[in-house]
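Only this structure's heavy atoms are used, side chains among them; waters, hydrogens and symmetry mates stay out. For this chain, numbers begin at 1 and follow the sequence in order. Quantities reported herein were computed from a predicted structural model and do not represent experimental measurements.
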Amino acid sequence: MDANSSSPPSAPLAWHKSACNLCYINCGVELGVSGSGAHQRIVKVRGDGDNPRSQGYLCNKAQAIPSYVHHRDRLTTPLRRRPDGSHEPTSWDTAVREIAERLGPIVAHHGGKTIAAVGGGGQGNHAGGSYAFGFLRALGSRTIFNALSQEKTGDFWLNGHLFGSQMCHTGEDIHHCDLLLVLGANPKLAHGFTNARDQLNGLRKDPGRKLIVVDPRRTETAENADLHIALRPGTDAFLLGALLAELMRRNDFDEAFLTAHAVGVDEVKAVLAAVPVAEWLAAADVGADAFAQLVQMVIDAKAMVVRVELGIQQGLNSTLNSYLEKLLYLMTGHFSRPGTHGLHSWLAPLWGNSPGARHFATQAEVISGLLSPNVLPDAILSDHPDRLRVLWVDSANPVNTAADTARVVQAMAALDLMVVVDVAYTETAALADYVLPASSTFEKCEFTLFNFELPTNYFHVRAPVLPPLPGTLPEPEIYGRLARAMGLMPDDALLDSLRAAAADP
Ligand code: SF4
């Protein structure tokens with residue numbers, strides 16, 4: 001100890017392996033924890049070099065993990081709504097008992113169909129949703145509103161038509177491609193694939209590999225691209241259509257692949273043959289020279305990945321954009337071989353397959369088993385006998401994130417019951433009848449669910465780093481207590497043999 005210092009030497013940090021959940025890449029992290037017992041805090045974050053997925057890679061967002069876990073908005077007690085709309089603290093026993101007492105008659109008189117889940121896990125909290133869905137399913141509810149269905153269901157719907165199931169999700173072998181074509185994405189800042197900045201640097205340094213960025217803005221990723229096409233905003237479908245038409249004219253379609261694996265090719269070719277390429281390029285404001293470079297680089301590619309994101313999936317013609325970007329790699333045969341696209345495996349699918357299904361009260365299409373939160377107000381305010389009466393919000397905040405938040409708030413006032421399970425007091429929690437505080441993702445057993453990689457993907461099971469924040473419970477305990485209070489659980493003694501086996505070293 002420094003003789004001039006009055007501070008005692010600080011104890012070394014205890015380092016725990018886990019994963020960053022602040023985007024769907026889920027890089028492996030090591031979390032440095034100070035203190036002991038109830039005073040433990042995550043104070044440092046570093047990349048985990050042993051993690052086979054990310055191999056030590058980390059972006060600056062991971063440094064926000066301590067703030068996320070120890071945020072002043074963390075809930076530490078169940079809350080119950082007073083008649084004036086404000087909340088008062090209550091005990092877990094009271095909250096669970098009262099929720100069960102209110103849910104029971106609703107299920108008995110109106111059926112489980114009148115209950116819906118909103119959210120269910122999320123970037124910050126992956127496993128929680130599965131317990132919520134299991135609990136609601138036991139009550140007879142199958143309705144799930146999830147933000148994924150606002151962002152990605154055009155993509156999922158197309159996968160259903162192109163590959164046979166909405167659960168057939170494609171992955172990208174970016175690490176081995178020789179051409180990366182990026183549309184509507186900015187991986188240098190927003191990632192979207194593992195070790196994104198390292199991969200982009202690798203592309204830049206290797207003269208045999210190329211990067212094309214199609215984006216109206218000169219993004220940080222475009223700064224290092226071999227070709228940046230700054231098209232007119234919202235015209236991606238025109239550019240992609242023109243590109244496909246020109247590639248067909250230049251005989252760049254992989255006829256052997258198409259003959260072996262595709263149907264309906266002639267119909268697609270007939271449509272492409274009628275594309276007025278010059279007109280569509282003018283609509284996209286793309287010059288002939290830039291287009292010629294784009295076409296030649298695609299023709300020269302031996303292994304191309306087309307990397308897209310919300311920029312085209314939530315822009316104008318979003319579903320058509322998704323269809324055309326998939327056609328681009330399928331018609332040219334950049335599929336199911338190293339450095340291209342493919343159908344990845346996954347241990348626990350994030351969504352389902354529901355071709356043609358419609359929600360009974362609103363007739364909104366249910367895609368991948370999910371409904372858009374934008375449909376939520378109609379599902380509550382409908383005069384259908386099975387209109388929604390109960391909303392179970394788990395790790396979601398539709399009052400802040402839906403497109404028409406004023407209407408969401410109006411609809412919530414017509415509910416018989418709303419329960420929010422979350423780590424923080426959100427805008428939606430402020431309107432709930434009961435708010436149940438969940439332990440954070442680092443305070444319980446968790447996994448990383450966004451296992452989209454190709455050709456190898458990873459399902460990372462994680463041990464708790466900290467004990468649950470006092471007053472909170474992990475979701476298995478929350479939903480176990482609720483299920484028991486609702487009479488959904490078998491006799492507790494049935495589990496005695498399992499408990500004995502678990503306790504036996
Ligand atoms: S890339 Fe995503 S998962 Fe990795 S450190 Fe950044 S925010 Fe976290």
Side-chain angles (χ1 to χ4, degrees), residues 162 170 172-185 199-200 202-215 221-222 224-231 235-262 264-308 312 320-342 454:
L162 282 170
T170 50
E172 302 137 358
D173 185 10
I174 289 171
H175 298 194
H176 301 105
C177 70
D178 68 357
L179 174 63
L180 176 60
L181 171 53
V182 176
L183 292 112
Q199 291 303 321
L200 291 171
L203 275 166
R204 184 167 52 83
K205 289 177 186 161
D206 186 341
R209 303 177 74 202
K210 303 291 179 204
L211 171 65
I212 302 173
V213 173
V214 176
D215 202 300
T221 307
N224 291 325
D226 297 281
L227 175 65
H228 172 214
I229 296 195
L231 80 177
T235 61
D236 304 82
F238 287 98
L239 177 63
L240 285 166
L243 176 58
L244 278 158
E246 185 62 12
L247 291 171
M248 183 174 75
R249 198 184 67 77
R250 300 272 299 269
N251 295 320
D252 190 51
F253 285 178
D254 187 336
E255 299 297 343
F257 172 83
L258 295 172
T259 302
H261 301 292
V265 173
D266 288 342
E267 287 98 311
V268 172
K269 286 181 174 175
V271 173
L272 292 177
V275 168
V277 172
E279 272 178 47
W280 284 22
L281 289 179
D285 196 19
V286 173
D289 287 350
F291 184 64
Q293 279 187 69
L294 170 66
V295 170
Q296 194 56 51
M297 288 170 78
V298 173
I299 289 174
D300 290 344
K302 294 180 180 57
M304 173 178 69
V305 163
V306 183
R307 169 76 200 151
V308 304
I312 69 162
L320 179 58
N321 290 339
S322 293
Y323 178 53
L324 293 173
E325 60 94 358
K326 290 172 199 295
L327 272 190
L328 179 56
Y329 62 73
L330 289 171
M331 299 298 276
T332 52
H334 292 283
F335 190 77
S336 204
R337 55 187 177 80
T340 66
H341 298 252
L454 185 83

Check your understanding: Which atoms form the tightest heavy-atom contact between Val182 and Leu211, and what is the distance?
Key -> CG2-CD1, 3.9 Å

Review point. Is His334 reaching over with its side chain to a backbone N or O of Met304, donor-acceptor style, under 3.5 angstrom?
Key: yes

Practice item. List the atom of Gly339, the atom of Cys177, and the distance in Å for their closest heavy-atom pair. Key: O-CB, 3.2 Å

Review point. What heavy-atom pair brings Gln293 and Leu227 nearest, and what distance separates the two atoms?
Key: OE1-CD1, 3.7 Å

Point to revise | Set of side chain to side chain donor-acceptor pair (under 3.5 Å) partners for Ser322, sequence neighbours left out | key: none

Exercise for review: Side-chain contact test, heavy atoms from C-beta onward, threshold under 4.5 Å: evaluate it for Met331 versus Leu258 and give yes or no.
Suggested key: yes

Exercise for review: Could you tell me whether the side chain of Phe238 reaches within less than 4.5 Å of the side chain of Leu231, counting heavy atoms only?
Suggested key: no

**Study point:** Under 3.5 Å: donor-acceptor pair, side chain of His175, backbone of Gln199
**Key:** no

Point to revise | Student check: side-chain heavy atoms of Thr235 and Trp280 closer than 4.5 Å | key: no

Revision key, fill the gap. Closest non-hydrogen atoms of Thr340 and Val305, given as atom of the first, atom of the second and distance, are O-CG2, 3.7 Å

Point to revise | Over 12 non-hydrogen atoms of neighbours within 6.0 angstrom of CG in Asp206 | key: yes

Point to revise | Validation row: Leu281, Leu239 side chains within 4.5 angstrom (heavy atoms) | key: yes

Exercise for review: Side-chain contact test, heavy atoms from C-beta onward, threshold under 4.5 Å: evaluate it for Ile312 versus Val214 and give yes or no.
Suggested key: no

Practice item. Could you grab the distance from atom CG of Leu328 to atom OG1 of Thr332, nearest 0.5 Å is fine? Key: 5.0 Å

Point to revise | Inter-residue atom distance Leu294.CG - Ile229.CD1, 0.5 Å rounding | key: 4.0 Å

Review point. How long is the span from the CG atom in Asp254 to the NE2 atom in His261, to the nearest 0.5 Å?
Key: 8.5 Å

Practice item. Measure across Val213 and Ala225 and return the closest heavy-atom pair with its distance rounded to 0.1 Å. Key: CG2-CB, 3.9 Å

**Study point:** Contact check, side chains of Leu240 and Leu183, non-hydrogen atoms, under 4.5 Å
**Key:** yes

Check your understanding: Taking side chain as C-beta onward, heavy atoms only, is Asn224 less than 4.5 Å from Leu200?
Key -> no

Check your understanding: With side chains defined as the heavy atoms from C-beta onward, is the minimum distance between Leu203 and Asp226 less than 4.5 Å?
Key -> no

Review point. What closest approach, in Å, do Phe253 and Lys269 show between heavy atoms, and which atom pair accounts for it?
Key: CD1-CE, 4.1 Å

Review point. Between CD of Glu325 and CG of Leu330, what distance do you get to the nearest 0.5 Å?
Key: 9.0 Å

Check your understanding: Is it true that a side-chain atom of Asn321 and a backbone atom of Ala237 form a donor plus acceptor pair closer than 3.5 Å?
Key -> yes

Exercise for review: List for me each residue that meets salt bridge (Lys or Arg N to Asp or Glu O under 4.0 Å) alongside Arg307, sequence neighbours excluded, and say none if there are none.
Suggested key: Glu172, Glu309

Exercise for review: Output the distance between atom CG (Leu327) and atom CG (Leu272), rounded to the nearest 0.5 Å.
Suggested key: 7.0 Å

Practice item. Can you run down the salt bridge (Lys or Arg N to Asp or Glu O under 4.0 Å) pairs that involve residues 291-303, sequence neighbours left out, and say none if there aren't any? Key: none

